[in-house]
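The structure appears right after this line, and notes come after that.
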Amino acid sequence: MNCLSLGLLLHLLEFTDSAFPVGAFSFSNGVETAAETGEVKDAESLREYARDIVRRTATTDCVAAVCAMRACRAGDYEAVAEADESLWLAKLNTEARQMSVRMGRKTAELAERILSDSEAWHSSGSRWLADVVSERVRGTHAVTMGILFAACGLSERELFASLFYGSLNTVLSAALRCVRVSHYDTQRILFDLSGEADALFAGVSEMELADMNSFAPQADILASLHEKGSRRMFMN
């Protein structure tokens, strides 16, 4: 089993913490509209919805992030940009794209400050931030995380874990505000679905950009309803 140093473990916890200030709290991954339409109404339906969301995260964001990390370590900046564009195209609704690029830019800005003395970050991350600001790249969150984790010496496995947890936690945190569930329910769902991460990572680690897939029609329909809705607490 991988044994992280305490320093790397704390870096992982920092970047995965829901309090990491990149704006994740303002998005719900569609659960708000799912609750409004009755698709998610209790702990069991929330569990199934959350499972669908994290599986889609695994086969899109996580694949792009891992590919970007590998390209970053190989010094292939163009392949990093390709992963970014591929992920943007894999996101089919406007708010998902907005969520990704807003969080991506904020993550790059934070990394530039946090890793100001890091040669590993400046070798690609500083260029990445400049390209995000000038809109030469999309700057998706998952790809930015791939660059950040590579600069910090974290592994593909830890990168996957961070994105998996972040996606799941976004759904469950939002559900506490709009679904009839308790903290006990959401923590049980988090605990149980986390047990599926190893199998998902095993699949993701073998995938290339061309293998990305985001087939979740229910979530995309809910996203289209949310975009034109008049009542909202979250972005989708």
Side-chain angles (χ1 to χ4, degrees), residues 22-24 26-31 33-34 49 51-109 111 124-125 127-150 156 159-160 162-164 166-168 170-171 200-201 203-228 234-236:
V22 295
S26 63
F27 296 94
S28 77
N29 259 319
V31 75
T33 309
Y49 183 83
R51 177 179 280 116
D52 286 344
I53 292 298
V54 295
R55 285 178 175 172
R56 184 167 69 168
T57 296
T59 57
T60 52
D61 293 75
C62 292
V63 174
V66 168
C67 288
M69 174 182 271
R70 292 171 181 171
C72 190
R73 287 177 169 161
D76 189 349
Y77 187 83
E78 294 307 313
V80 176
E82 181 186 1
D84 181 61
E85 185 66 18
S86 296
L87 180 56
W88 168 265
L89 294 173
K91 293 183 178 296
L92 303 183
N93 67 80
T94 301
E95 289 187 342
R97 290 178 170 181
Q98 289 177 344
M99 172 183 175
S100 182
V101 297
R102 288 180 186 178
M103 290 174 59
R105 176 166 178 162
K106 192 61 179 176
T107 299
E109 291 171 346
S124 53
R127 177 181 177 183
W128 182 253
L129 175 58
D131 283 351
V132 170
V133 172
S134 63
E135 298 183 351
R136 286 191 289 270
V137 295
R138 306 289 186 179
T140 53
H141 177 247
V143 169
T144 304
M145 289 286 278
I147 299 169
L148 172 59
F149 273 49
E156 294 176 9
L159 174 61
F160 177 91
S162 180
L163 294 171
F164 180 97
S167 175
L168 184 52
T170 296
V171 172
L200 285 171
F201 174 70
V204 165
S205 64
E206 300 296 324
M207 294 172 70
E208 303 291 339
L209 291 177
D211 300 318
M212 285 198 302
N213 59 85
S214 61
F215 185 73
Q218 179 187 33
D220 288 319
I221 291 170
L222 291 171
S224 68
L225 295 173
H226 188 268
E227 286 177 15
K228 298 182 179 181
F234 304 93
M235 292 290 286
N236 206 340

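Residues: numbered from 1 along the sequence shown. The structure presented is a predicted model; accordingly, all values stated were derived computationally and were not measured.
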task = For the residue pair Glu82 and Leu209, establish whether any side-chain heavy-atom pair is separated by less than 4.5 Å.
result = yes
inquiry  = Between Ser162 and Phe149, is there a side-chain heavy-atom distance shorter than 4.5 Å?
reply    = yes
ask   = Do Val63 and Asp211 come within less than 4.5 Å of each other through their side chains, counting heavy atoms only?
value = no
task = Apply salt bridge (charged side-chain N to carboxylate O under 4.0 Å, His left out) to Arg97 and list each qualifying residue two or more places apart in sequence or on a separate chain.
result = none
ask   = Quick one: salt bridge (charged side-chain N to carboxylate O under 4.0 Å, His left out) partners of Arg70, sequence neighbours excluded?
value = Glu156
query = Should Leu168 and Ile53 count as side-chain neighbours, where that means a heavy-atom distance under 4.5 Å?
reply = no
request  = Applying side chain to side chain contact (heavy atoms under 4.5 Å, CB included), name anything that partners Arg127, two or more places apart in sequence or on another chain.
outcome  = Tyr77, Glu78, Asp131
Steps toward side chain to side chain contact (heavy atoms under 4.5 Å, CB included) verdict (Ile147, Met69) = CA-CA 6 Å; Ile147 299 169; Met69 174 182 271; over 6 Å; no
task = Working to the nearest 0.5 Å, report the span between NE2 of His141 and CG of Asp84.
result = 12.5 Å
request  = Answer yes or no: is there a side-chain heavy-atom contact under 4.5 Å between Leu87 and Thr60?
outcome  = yes
ask   = So do the side chains of Ser214 and Lys91 get within less than 4.5 Å of each other, counting heavy atoms only?
value = no
ask   = Does some side-chain heavy atom of Met99 sit less than 4.5 Å from a side-chain heavy atom of Glu95?
value = no
query = Does a side-chain heavy-atom distance below 4.5 Å link Asp61 with Ser167?
reply = no
